[in-house]
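What follows is a single structure, written as structure tokens, with notes after it.
Proteins get letters first, then strands, A, B, ... in listed order; numbering begins at 1 in each. It should be emphasised that the depicted structure is a prediction, and the values quoted were computed from it without experimental measurement.
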Amino acid sequence: MNDPLRADATAVEIAAAVRAGAVSASAVIEAALARIETRNPAINAFTAVAASRARERALRLEEARRAGAPLGELAGVPFGVKAMIAVAGVTTTAGSALYRDAPAATRDAAAVRALEAAGAVCVGALNMDEFGMGGTTENACFGPTRNPHDLARTPGGSSGGCAAAVAAGLVPLAIGSDSLGSIRLPASLCGVYGLRPTRGTISDEGVLGAGGTIATLGPLGRNSTDIALCLRALSESDGVAVLPESSASDVAISLATAGGYFREGLDADAGEALERVAGALGITREIEFPQARRARAAATLINASESATGKLDALRTRPDRFDPATRERFLAHALLPVQWYLHAQRFRRWHMEQVKLLFAEIDVLVMPAAPCIAPPIGTPMLRIGEAELPTGPALGWFTQPLAGTDCPALTVPVARLGRLPIGVQLLGPPRREDLLLRVAARLATLGVAAAPIAG
Amino acid sequence: MTQTAFDPEAYVDAAAAALELPIPSASRAAVVANLLRLNALAQEVLAFEIPDDGPPAADR
């Protein structure tokens, strides 16, 4: 077994060692805090480190162990949360100057409570695009997060701090949130696993800006078993019976790649990653994901309309406090005609039924997660096929069409020794995260998927 | 993309007035550009005739 104090220790290894008493929870947490202190200044993934809280929690785990109490599946596993998720003692900022000086949260979000009930230890809050509105984690108030694989490049966003922290080995697990791709995209650009679970699986209580119909929380990690354990712990917070199995079992899973939209606009890296995965899994079938362009348009409209909720007062009275990268977007979103939104929701309901039909034919659909590797920080526009798009929406080209479906989607990082990361995306039917995690485990066994520590 | 009569400048003025949401002059051009981009997406969705999207007859 790997040394549980090393940066590349998995959540499973850490929890096993802590439960067995081979290492103390305090030693694990001190090692994580030391890594954050050493490496975070260059990466800027954590915007707040909850050191004393984490140390206290580790001591309580040690007391529990001495008393013979069960420690939980994630005993002593350090994790971070996107800065919109409440952590008692830490100010919940959602990456915004509007909340930077707000009082600290007095209560943990349900997701934090659930992971800590399983023995995990929250060590701090992670950077994001302001209110999740962006795909590069270039935050004017808290500074840009840098991709640990190449500090000149973006980690993607909006859960860029989560992906960067996990990729750099600061923590083995993080909780992000995904609306149009905010978990799946940074997971691809940072070379880690990132799961957008079935909507409704994880409680969004205690999440600043929650309440939309597209967003969901979800885990990021460096292997599929850690993701499965994290999901199981998070799901229990709502009493949802999702029990993913991560073993590379022999259960027959029928697979197909997505054609059309998902075969266009990929660069050489993204195309090669997709071919390697399809080849390794022996996929010969290609099917159409229905109405991809319109699904992308509808999800984008819904997300834009909902993103302005609750911000009218701040937009009226303190527009200068918004991030320059998002101010005009929120102003525009506040003005959107409600009939655009309602029609997009009607389309979405119809589309979901079409996607369900697709899953009567196959189990898992394999598609690109991002059109390219991480671009340099400050890249204003990217080309997707013939279209020139702002970098954020361009990077989300392949994640956005799935956002309205409620289906689980998992980014799997493709092994690329010495080259910058890129992932593929697996899509499955609602509540079948287990299928995605099985395929991911098979890819790791085949040596096609890997999430090595950056730097 | 279908050309529509959508006039983002006039729309911003009307909608901002209705919401009592002042648009800072420095932000106006970018707000208009954002609305144009979103209008293109909206037209893409609106152009699609959704087959049979009502609830089952028994529920009507």
Most contacts with chain A, counted as non-hydrogen pairs under 4.5 angstrom, among Leu46(B), Ile23(B), Val32(B): Leu46(B)
Ignoring hydrogens and angles, write down the donor-acceptor pairs under 3.5 Å from the side chains of residues 337-344 of chain A, residues two or more places apart or on other chains.
{"from": "Tyr341(A)", "atom 1": "OH", "to": "Glu306(A)", "atom 2": "OE2", "distance (Å)": "2.6"}
{"from": "Tyr341(A)", "atom 1": "OH", "to": "Gln345(A)", "atom 2": "NE2", "distance (Å)": "2.9"}
{"from": "His343(A)", "atom 1": "NE2", "to": "Val45(B)", "atom 2": "O", "distance (Å)": "3.4"}

Part of Arg293(A) lying under 4.5 Å from any heavy atom of chain B: both
Report the distance from atom CZ of Phe359(A) to atom CG of Leu427(A), rounding to the nearest 0.5 Å. 4.0 Å
Working for side-chain hydrogen bond (donor to acceptor under 3.5 Å, both in side chains), residues Arg196(A) and Thr399(A): CA-CA 10 Å; Arg196(A) 173 190 167 89; Thr399(A) 58; over 6 Å; no
In this structure, NZ of Lys356(A) is separated from SG of Cys407(A) (nearest 0.5 Å) by 8.5 Å
Measure Ala304(A) against the heavy atoms of chain B and call it side chain, backbone, both or neither at under 4.5 Å. side chain
Can you pull out the residues in residues 321-328 of chain A with any heavy atom less than 4.5 Å from chain B? Arg327(A), Glu328(A)
Side chain, backbone, both or neither of Arg37(B) within contact of chain A (heavy atoms, under 4.5 Å): side chain
What's the spacing between Thr379(A) OG1 and Met381(A) CE if we round to 0.5 Å? 11.5 Å
Part of Val12(B) within contact of chain A (heavy atom distance under 4.5 Å): both
Determine the interplanar angle of the Phe398(A) and Phe262(A) rings, folded into 0 to 90°, and report it as parallel if under 30°, tilted if 30 to 60°, perpendicular if over 60°. tilted
Quick check for you: to the nearest 0.5 Å, what is the distance between Arg296(A) atom CZ and Trp397(A) atom CH2? 4.5 Å
If the plane angle is over 60° it's perpendicular, under 30° parallel, otherwise tilted; pick one for Phe48(B) and Trp350(A). tilted
By a 4.5 Å heavy-atom criterion (distance strictly below it), what part of Gln291(A) contacts chain B: side chain, backbone, both, or neither? side chain
Over 12 non-hydrogen atoms of neighbours within 6.0 angstrom of OH in Tyr261(A): yes
Bottom line for Ala334(A): the part with an atom under 4.5 Å from chain B's heavy atoms is both
Salt bridge check, Asp178(A) against Arg199(A): does any charged N sit closer than 4.0 Å to a carboxylate O? no
Given a strict heavy-atom distance threshold of 4.5 Å, which part of His333(A) is in contact with chain B: side chain, backbone, both, or neither? side chain
